[in-house]
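Here's the structure we're looking at; comments come further down.
First listed ligand is number 1; within each ligand, the first listed atom is number 1.
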Amino acid sequence: MQISNQYLADLYEDVCRKNPNEPEFLQAVGEVFESLVPVADRRPDLIDAGVFDRIVEPERTIIFRVSWVDDSGKVRVNRGFRVQFNSAIGPYKGGLRLHPSVNLSVIKFLGFEQIFKNSLTSLPMGGGKGGSDFDPKGKSDGEIMRFCQSFMTELAKHIGADTDVPAGDIGVGAREIGFMFGQYKRLRNEFTGVLTGKGLSYGGSLIRPEATGYGLCYFTKEMLEHNNSSFKDKIVVISGSGNVAIYAAQKAAQLGAKVVAMSDSNGFVYDKDGIDLAVVKQIKEVERGRIYEYAKRVPSAVYTEGRGIWNIKCDIALPCATQNELHLEDAQALVANGVIAVAEGANMPSTPDAVAYLQSHGVLFGPAKAANAGGVATSGLEMSQNSIRLSWTSEEVDERLHGIMVNIYRNAAKAAEEYGMKGNLVAGANIAGFLKVAEAMKAQGIAY
Ligand code: NDP
């Protein structure tokens, strides 16, 4: 890490010493601290108020047992997490991830990033994240339901519409949110907006399923337009084929691009004629199947097992699967193939050396906490609709989402320029997101 402010460098060392087994969390803190060097240089008052020291320590970390019974009658035990990282500007807000790779480091990195992302949306939401090492793949609906109910039985003690409002993430979509919402209601005997990403018939918002992918494209469109380019006639590669990837693909195509490749954790499909999204949706959203099925159904497509999606020639790359999926050699391949923009739909999908390589080779780079903030922003809009007990139309929600993404781009670009790093949206997003939270933490006194 290149942290050229002594205070932040010493603090980072301290964070490393205290959290030695948390590589993802340390990676996220290091990246944010690098960006905050000019802020620490100019704002000794924030150092005096202990803001940097406090912001890297979660307000509360909850780790719990989730026991459930599988279809054969066997008792299974998973580990559940909720990290309530920072409530300076609003109730904790952030998704729940169900994936075998989930551990404290992953949840802390996601919760830490969420603080700045939520701040960037300009909505009153603090940062949190949760999940479990439960693997939903291959489980029956009954097993998923029993797991979600057991998970919520403990989580319900710690969340609430004005305290902490979880949402979906990897492995958690409308089905899982529905089971968890039902259990929360049963336990508390109250119908409140305690989760977002709910079904439309019980308080969900239109456009929430589409929001992260659409928002990613709105952000990328703004970034391209500020550099005299657009999506029109561009070739786009998108990793993943889950919620974020599918709706990024849909919006990119609507904006005039051709999406030629998508993937899952087994491999990727390349379709020179452009991905037929109806087929992907059928496989992923209806059948919950694997992406290789696509090549069996669409003759123009080729399936390749394993990594390698970033070797496909494209103008715009949108990593939308998971953390650390785009490595230095992938960045080198993208640059060699003439990529003009990379924008992150997933959280921290690019490794630090990949980001540095892309930026130093003139590639427009949209960092996750700015580019994928559309999901949580629309969750914030769902909370507003729940509070006033009204539902807005798709057009209304989409228009607000679009406005929020344009503002995020502009605020990140402005902050980068003000702090001497013009064009560096990684730094700009970190600085803009941090400053609002920092001012609130300072104003609220040091017991927070
Ligand atoms: P989904 O579970 O819907 O989809 C995840 C996709 O990524 C699947 O195609 C999955 O493949 C693939 N994937 C997951 N883990 C890995 C891995 N280790 N290696 C390769 N591929 C993998 O999740 P989402 O689309 O909701 O989330 C994707 C990313 O976007 C995550 O980083 C999430 O944190 C981020 N995000 C999501 C938001 C949302 O609103 N949903 C909001 C903001 C960010 P497979 O099926 O094989 O596992």
Side-chain angles (χ1 to χ4, degrees), residues 24 28 93-102 106-107 109-111 113-114 117-118 120-121 125 127 129-131 134-138 166-177 195-197 204-205 207-216 219 238-249 261-269 280-281 283-285 287-294 305-310 318-327 330 343-350 366-382 401 405 408:
E24 292 87 359
K93 179 96 197 86
L96 298 170
R97 176 175 292 192
L98 299 183
H99 194 272
S101 63
V102 164
V106 168
I107 298 298
F109 117 66
L110 290 164
E113 293 280 290
Q114 198 81 44
K117 182 188 306 192
N118 293 2
L120 280 171
T121 66
M125 300 182 290
K129 199 82 187 188
F134 172 79
D135 186 359
K137 271 197 209 95
D169 190 72
I170 291 179
V172 178
R175 176 181 58 166
E176 293 75 18
I177 292 289
L195 290 162
T196 56
S205 174
I207 304 293
R208 177 61 190 90
E210 295 87 348
T212 309
Y214 278 20
L216 171 66
F219 180 94
I238 299 181
S239 63
S241 49
N243 174 259
V244 178
I246 285 175
Y247 292 98
M262 294 181 80
S263 65
D264 62 20
S265 54
N266 292 110
F268 62 92
V269 285
V280 176
K281 284 186 177 186
I283 296 168
K284 289 290 173 182
E285 294 186 334
E287 299 167 22
R288 298 182 188 272
R290 309 307 301 157
I291 201 70
Y292 59 70
E293 287 292 331
Y294 182 93
E305 186 83 10
R307 297 186 85 251
I309 193 170
W310 306 120
L318 304 176
C320 294
T322 193
Q323 65 269 9
N324 292 329
E325 53 153 313
L326 196 159
H327 304 167
D330 302 319
E344 299 182 319
N347 283 311
M348 206 167 76
S350 319
K369 63 173 72 68
N372 75 20
V376 74
T378 308
S379 278
L381 300 178
E382 184 173 331
L401 168 64
M405 297 314 295
I408 291 175

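Interface of Cys320 with ligand 1, defined as ligand atoms under 4.0 Å from a residue heavy atom, comprises 28 (C), 29 (C). With ligand atoms numbered from 1 in the order given, ligand 1 contributes 15 (N) to contacts under 4.0 Å with heavy atoms of His99. Counting the atoms of ligand 1 from 1 in the order shown, those under 4.0 Å from a heavy atom of Ala346 are 29 (C), 30 (O), 32 (O), 35 (C). Heavy-atom contacts of Arg97 reach the following atoms of ligand 1: 31 (C), 32 (O), 33 (C), 34 (O) (cutoff under 4.0 Å). Every atom of ligand 1 with a heavy atom of Lys137 under 4.0 Å away is listed here by number and element: 45 (P), 46 (O), 47 (O), 48 (O). Within the listing of ligand 1, atoms 11 (O), 19 (N), 20 (C), 21 (N), 22 (C), 45 (P), 47 (O), 48 (O) sit less than 4.0 angstrom from a heavy atom of Ser265. Of all atoms in ligand 1, listed by their number and element, those nearer than 4.0 Å to a heavy atom of Arg208 are 40 (O). Set against the non-hydrogen atoms of Ser241, the atoms of ligand 1 under 4.0 Å away are 9 (O).
Atom 8 (C) of ligand 1 has its nearest heavy-atom neighbour, among Gly345, Gly242, Ser101, in Gly242. Comparing Thr196, Ile246, Thr212, Ile238 against atom 43 (C) of ligand 1, the shortest heavy-atom distance belongs to Thr212. Remark: among candidates Asp264, Ile170, Thr322, Ile291, the nearest residue to atom 18 (N) of ligand 1 is Thr322, based on non-hydrogen atoms. Taking all heavy atoms of Ala167, Gly240, Gly171, Pro100 into account, the minimum distance to atom 2 (O) of ligand 1 is reached by Gly171. Distances from atom 44 (C) of ligand 1 to the heavy atoms of Val280, Asn372, Val244 put Asn372 nearest.
Side chain of Asn347 to main chain of Leu110: no donor-acceptor pair is present (N/O by atom type, distance under 3.5 Å, no hydrogens or angles). Judged purely by atom type and a 3.5 angstrom limit, Glu344 has no side-chain atom pairing as donor or acceptor with the backbone of Asn372. The backbone N or O of Ile291 sits less than 3.5 Å from a side-chain atom of Asp264, completing a donor-acceptor pair. Counting only distance, with no hydrogens or angles, the side chain of Glu293 and the backbone of Gly289 share no donor-acceptor pair below 3.5 Å.
Of the protein's non-hydrogen atoms, Asp169 OD1, 2.6 Å is the one closest to atom 34 (O) of ligand 1. Closest to atom 28 (C) of ligand 1, if we only count protein heavy atoms, is Ala321 O, 3.3 Å.
Between Arg290 and Ser265, the closest side-chain pair of non-hydrogen atoms falls below 4.5 Å. Considering only heavy atoms from C-beta on, Thr322 stays 4.5 Å or farther from Met348 through its side chain. Side chains of Glu210 and Ile246 form no contact here, defined as non-hydrogen atoms less than 4.5 Å apart. Contact of the Leu401 side chain with the Ile207 side chain is registered, since non-hydrogen atoms from C-beta on lie closer than 4.5 Å. Residues Thr212 and Tyr247 fail the side-chain proximity criterion, which asks for heavy atoms closer than 4.5 Å.
For ligand 1, one of its N or O atoms has an N or O atom of Asn243 under 3.5 Å away.
Proximity of Arg290 to ligand 1 is established by a heavy-atom distance of less than 4.0 Å.
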Test Lys117 against Met125 for side-chain contact (heavy atoms from CB on, under 4.5 Å), laying out the working first. CA-CA 9 Å; Lys117 182 188 306 192; Met125 300 182 290; over 6 Å; no

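With sequence neighbours left out, the side chain to side chain donor-acceptor pair (under 3.5 Å) criterion links Lys369 to Glu113, Asn430.
Ser379 and Arg208 share a side-chain donor-acceptor pair at under 3.5 Å.
Under the 4.0 angstrom criterion, atom 31 (C) of ligand 1 counts as having a protein heavy-atom contact.
Neither the backbone nor the side chain of Gln323 comes within contact range of ligand 1; no heavy atom lies under 4.0 Å.
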